[in-house]
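Values below: every heavy atom of this structure, side chains too, minus hydrogens, waters and symmetry copies. Chain letters run A, B, ... following the sequence lines, proteins first, then strands; residues in each count from 1.
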Amino acid sequence: MRIVEGLPPKGSYHKVSIDTELFGLNQKKLHRPAGRFGCLTICPDGKTVYLITKDSDIEKALNRVDRARWVMHNAAFDIRHLRRWTDIAPRKPDKLVDSLLIERILWGGYYDTFALDDLARRYLGIKTEKETRKAFFDPDGVLTSQMKSYAARDAIHTWKFSGSQERFLEKDPDAWKIWSEVDGPALWAVLDFKGFKVDVKKWAALAKKNAAICEELQAKTKFKLSSPKQVLAELNAFGKKKNIPALEFLDSTNAAYLDELRDIPLVATILAFRDAHKRATTYGDNVIRDFVEDDGRIYPSFNITGAETGRMSSSSPNLQNIPAEADYRACYIADIGNLLAIADYKAQEPRLTAAMSKDPVMIEAFENGEDIHMTVAREIANALGGEPDRKLGKAMGLASTYGMSAQGLAAKTGMSLRDSENMIREYFRRFAGVYRWTISQKAFALQHGYVVTLAGRKIWVNPHSRQGTTTNPLNGPIQGGAADQTKRALGLLHKHYGRKIPLVGVIHDEIVAEVKKSDVKPFVKQLEKCMLEASDWLTGGIVPGGVDIHTGKSWAAKG
DNA sequence: GGAGACGGCGCC
DNA sequence: AAAGGGCGCCGTCTCC
């Protein structure tokens, strides 16, 4: 390893790895541009590293290698931070490769660690020390020679293992397709997301209300209500004393079990506390304190591939699990003069079930514009009698593609086991194509050890586990295909709007934008176009896409 | 005092 | 025997 302090010399570079270090980043907000520039390392050959320590040299250094393929491990991090010092325009898929995202495309479900050090170990057989990284968290730190070699080492490793990744990519054209048409474009889109405006007062009031409930309930209780262990012990003891076997022999206190016992005041107290506690903590003042920035907005970190299936995830804060109640959604708002546009794919996963299985009954239902859950409910009611129940239809449809057992469906719906078995049998009789698809998926998974989405994303499954052979082969490609679709839509929208893309959030099948009132009409039209285009791109048009868009002052707006 | 496992629960 | 898939975050508890 040769470290050269200064710019890479002028010349023509084929591929460079790039890594950025910053001082004094907040552990909870690594994705936010903050802290003090540490260094930029650029490696063009796996041997030499050019080390830039002055932020005024960043732009010049990147310009020198502009025509090369850039490799970054977690490019979102580097680009977000480097953009403080120089504009980095979106690059073509072959001009920016994120070795982290590529690794997830290649090995999602097979490995579960994807850090730079993990790849160095897997591909290069090198075990690395991580202690030096901590020194960068010191806001007043100075760049020691040890820290320089640490940074340089990361750049070298990235350059080297990206070569190994390239060989896998050459053997697997679908993986490159996913990068170049789905994950790569989505990455650039997410990098340009705007913050989501929060009604801080409203949020704080909810937090306060729930904190008060917690305090009140805890005050009249002798044991710690927030301790599952103590709660279980108390319920067991109470059950023994009062001769209530359901409590005496309870072995879990989760809501699914306690719900049936909520007539007992003690149980009701526990459930009420849990509800308020969740809201007072996960959705409490801490969200404001830790994440609302000076402009009154939160900037969640959207992970392009958070899940094995290819789904995105969100953190710091997680925008994807905000309570769906209007009270909470109403705290997420548009600024004065703006409106939110809230778009979601209608029945995204069921449509993909239809597209993958090619079940003619299901496809026809979508072609006729039917409400699929109602269709399922009606088919079942026709066979088994009774009135069509949409909720039941939805549960049944989800259950079938999640590989739920009859016991599971019975528990979920409150049906008897026998009714539940009948219903599943009848469902698969009516949707025989779906049934055949479930069989073939399981066989494929057993044979290959993976399954694929319609777009070609590979999801490895564990052939030695129940989950890997029964449920993942069904759920994986549907959930993953849905993710492909949404991410593709983000990419298409970004292609149209570029850096000015007005998005503030994405929640699996839902895209939220904040738009000037005067721009709403054309924007909504464009959004719908991109989402439907992504849908056809994925399914080849076998099933019509469906998108719902409505606008309003807050996220609670109803269509 | 920090790390990690675990129970629990919010969302799609 | 069998209680659906995918996440992230909270508090508690244990371990080092």
Categorize [X] for me: base, sugar-phosphate, or nothing, with a 4.0 angstrom heavy-atom threshold over every strand shown.
X       : result
N286(A) : sugar-phosphate
A399(A) : base
E510(A) : nothing
T401(A) : nothing

Work out how far the P atom of dG8(B) is from that of dG4(C), and round it to whole angstrom.
16 Å
Distance check, P atoms only: dA3(C) and dG7(B), in whole angstrom units.
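The answer is 15 Å between these two P atoms.
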Tell me which residues in residues 319-331 of chain A put a heavy atom below 4.0 Å from DNA chain B, sorted by number, or none.
Q320(A), N321(A), I322(A), P323(A), A324(A), R329(A)
Which ones in residues 467-478 of chain A lie close to DNA chain B, meaning a heavy atom under 4.0 Å from one of its atoms?
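Within residues 467-478 of chain A, no residue comes under 4.0 Å of DNA chain B.
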Nucleotide N/O of nucleotides 13-16 of chain C paired with protein N/O under 3.5 Å:
unit_1	atom_1	unit_2	atom_2	d
dC13(C)	OP1	S227(A)	OG	2.9
dC13(C)	OP1	Q230(A)	NE2	3.3
dT14(C)	OP1	K229(A)	NZ	3.0

For dA3(C) and S405(A) - does any side-chain N or O of the residue sit under 4.0 Å from the phosphate oxygens OP1/OP2?
no
Report yes or no: do [X] and [Y] form a side-chain donor-acceptor pair below 3.5 Å?
X       : Y       : result
E308(A) : W460(A) : no
H277(A) : S226(A) : no
E421(A) : S416(A) : no
S314(A) : N303(A) : no

State, to 0.1 Å, how close S316(A) and H31(A) come at their nearest heavy-atom pair, and which atoms those are.
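S316(A) and H31(A) have their closest heavy atoms at O-CE1, 3.5 Å.
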Checking salt bridge (charged side-chain N to carboxylate O under 4.0 Å, His left out) between D484(A) and each of R457(A), R311(A), K177(A), K458(A), which is the one that passes?
R457(A)
Restricting to side-chain hydrogen bond (donor to acceptor under 3.5 Å, both in side chains), what partner residues turn up for E349(A), sequence neighbours left out?
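E349(A): side-chain hydrogen bond (donor to acceptor under 3.5 Å, both in side chains) contacts with Y402(A).
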Select one nucleotide: of dG6(C), dG4(C), dC10(C), the one nearest the side-chain heavy atoms of T281(A).
dC10(C)
By the salt bridge (Lys or Arg N to Asp or Glu O under 4.0 Å) test, which pairs, at least two apart or in different chains, include something from residues 264-289 of chain A?
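Every salt bridge (Lys or Arg N to Asp or Glu O under 4.0 Å) pair that includes a residue of residues 264-289 of chain A, provided the two are not neighbours, is D275(A)-R279(A), R279(A)-E325(A).
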Show, in sequence, the C-alpha distance, side-chain angles and deciding distance for Y257(A) and S252(A), and conclude whether the side chain to side chain donor-acceptor pair (under 3.5 Å) test is met.
CA-CA 7 Å; Y257(A) 289 89; S252(A) 162; 5.4 Å; no
Most 5' of Y257(A) and T309(A) on DNA chain C, judged by nearest nucleotide:
Y257(A)
Covered region of DNA chain B, 5' end to 3' end, by chain A [heavy atoms, under 4.0 Å]:
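Extent of the interface on DNA chain B: dG7(B) to dC12(B).
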